[in-house]
Amino acid sequence: MNSRFLIVGLLLLATVTTLFWGIPVLVRRAHAQEALLNLAKLVRISDVYYVKPKPGVDGERMLCQFPQGEIRTTLAKSCCDPSVNDGEGRCDPAKIEWNRSLWKTLKFALDEPHWFVYEIKSSGTLANASLEVSAYGDADCDGHFSTFRFTHHGDSGARADNCVLANQPEFIAIDPNE
């Protein structure tokens, strides 16, 4: 009889431990997954833009480049800002925001509430082209951010008549468990 109580007690202890420590870890991983998937999509779209021939304003072929400019999904510091969130710490999808030039060029939009503020910075051509895509999140709204970032650079083998991109983007994560 005592061994049954011991087993049940241990199972309850394991369940409580999982609830208090395991579930928050799983939630943070799910948030990070959102950021990584969206950043990977933005890098992929930007890489295709870099290598795909496009006519410039003068009718000549544009030099190899990532979509040029800087843009954020919101001017708010995080999705905790009440002006952009759904009451649960996620940013509401701002339909007007996605019509801005760089998002439209990338054909990128988020239709569902999301945990991160996304940012793109890009400039230069050929080997001097640079791309930085970042996601900033504060899921528990404590003022400490998780940052995920991909940086990518133009390829040294790229020429005006042949846009190649053989190098890989670099990834960094700053406080991913925040």
Side-chain angles (χ1 to χ4, degrees), residues 27-57 61-139 141 145-155 158 162-178:
V27 169
R28 283 193 302 271
R29 285 183 185 164
H31 294 168
Q33 182 77 10
E34 173 206 301
L36 295 174
L37 289 171
N38 285 322
L39 290 177
K41 185 176 181 181
L42 284 166
V43 168
R44 198 169 40 253
I45 293 167
S46 298
D47 286 357
V48 169
Y49 187 93
Y50 181 93
V51 299
K52 189 175 179 182
K54 295 167 285 308
V57 291
R61 181 180 176 157
M62 281 177 53
L63 292 176
C64 315
Q65 61 185 335
F66 299 109
Q68 302 287 295
E70 290 186 27
I71 198 166
R72 286 175 62 101
T73 51
T74 178
L75 295 177
K77 203 170 183 182
S78 78
C79 293
C80 295
D81 187 321
S83 68
V84 296
N85 80 31
D86 63 357
E88 296 177 10
R90 298 180 299 176
C91 285
D92 289 327
K95 292 178 176 36
I96 293 173
E97 189 65 38
W98 305 118
N99 289 325
R100 291 177 55 200
S101 61
L102 192 52
W103 296 125
K104 203 167 186 155
T105 298
L106 292 166
K107 297 180 177 108
F108 181 83
L110 297 173
D111 300 327
E112 300 291 326
H114 44 280
W115 293 101
F116 288 83
V117 173
Y118 296 92
E119 178 181 64
I120 298 173
K121 296 178 182 178
S122 174
S123 64
T125 60
L126 297 168
N128 293 321
S130 67
L131 172 73
E132 182 179 282
V133 293
S134 304
Y136 306 101
D138 183 9
C141 296
F145 291 84
S146 293
T147 301
F148 299 95
R149 179 174 296 131
F150 279 101
T151 55
H152 207 174
H153 300 282
D155 198 290
N162 185 20
C163 297
V164 297
L165 192 57
N167 57 14
Q168 297 294 316
E170 299 166 20
F171 174 74
I172 63 165
I174 301 167
D175 294 330
N177 295 320
E178 240 337 287

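These numbers come from the heavy atoms of this one structure, side chains and all, not from hydrogens, waters or symmetry mates.
- Between Asn167 and His152 the shortest side-chain heavy-atom distance falls below 4.5 Å.
- Every residue two or more places apart in sequence or in another chain that forms a side chain to side chain contact (heavy atoms under 4.5 Å, CB included) with Ser122 is listed here: Phe66, Gln68, Leu131.
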Query - Test log, rule side-chain contact (heavy atoms from CB on, under 4.5 Å), inputs Phe116 and Thr147 - result: CA-CA 9 Å; Phe116 288 83; Thr147 301; over 6 Å; no
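- Taken to the nearest 0.5 Å, the CG atom of Asp92 stands 9.5 Å off from the OG atom of Ser83.
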Requested in this report: Report the C-alpha separation of Thr125 and Met62 in whole Å, then their side-chain angles, then the decisive distance to 0.1 Å, and conclude whether the side-chain contact (heavy atoms from CB on, under 4.5 Å) test is met.
Outcome: CA-CA 9 Å; Thr125 60; Met62 281 177 53; over 6 Å; no
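- Between the OG1 atom of Thr105 and the CD1 atom of Ile45 there is a distance of 11.0 Å, given to the nearest 0.5 Å.
- The shortest side-chain heavy-atom distance between Tyr136 and Arg72 falls under the 4.5 Å cut-off.
- Here the CD1 atom belonging to Ile120 is positioned 5.0 Å from the CG atom belonging to Leu102, to the nearest 0.5 angstrom.
- Here the SG atom belonging to Cys163 is positioned 10.0 Å from the CG atom belonging to Asp155, to the nearest 0.5 angstrom.
- Under the salt bridge (charged side-chain N to carboxylate O under 4.0 Å, His left out) criterion, Arg100 pairs with Glu97, not counting sequence neighbours.
- Looking at every heavy atom in both residues, Leu165 comes nearest to Val51 through CB-CG1, 3.7 Å.
- The minimum heavy-atom distance between Tyr50 and Gly154, with the atom names listed, is OH-CA, 3.4 Å.
- Looking at Phe145 and Ile174, their side chains never come closer than 4.5 Å, going by heavy atoms from C-beta outward.
- For the atom pair SG of Cys141 and CG of Asp81, the computed distance is 9.5 Å after rounding to the nearest 0.5 Å.
- Side chains of Ser130 and Thr151 form no contact here, defined as non-hydrogen atoms less than 4.5 Å apart.
- Taking 4.5 Å as the limit, some side-chain heavy atom of Leu36 sits within range of a side-chain heavy atom of Phe171.
- Side-chain atoms of Ser78 never come within 3.5 Å of backbone atoms of Gly137 as a donor-acceptor pair (strictly under, hydrogens ignored).
- Contact annotation: the side chain of Asp138 never approaches that of Cys79 to less than 4.5 Å [non-hydrogen atoms, C-beta and beyond].
- Closest heavy-atom contact between Pro93 and Pro113: CD-N, 3.8 Å.
- Between Ser46 and Pro67 there is a side-chain heavy-atom pair separated by less than 4.5 Å.
- Qualifying side-chain hydrogen bond (donor to acceptor under 3.5 Å, both in side chains) partners for Asn162, counting only residues two or more places apart in sequence or in other chains: none.
- Residues Tyr118 and Ala135 share a closest heavy-atom pair of CE2-CB, 3.6 Å.
- Lys54 NZ: more than 12 foreign heavy atoms inside a 6.0 Å radius.
- Taking all atoms of both residues into account, the shortest heavy-atom contact from Tyr49 to Gln65 is CD2-O, 3.2 Å.
- Looking at Asn38 and Phe108, their side chains come closer than 4.5 Å, going by heavy atoms from C-beta outward.
- Atom NE2 of residue His153 and atom CD of residue Gln168 lie 13.0 Å apart, to the nearest 0.5 angstrom.
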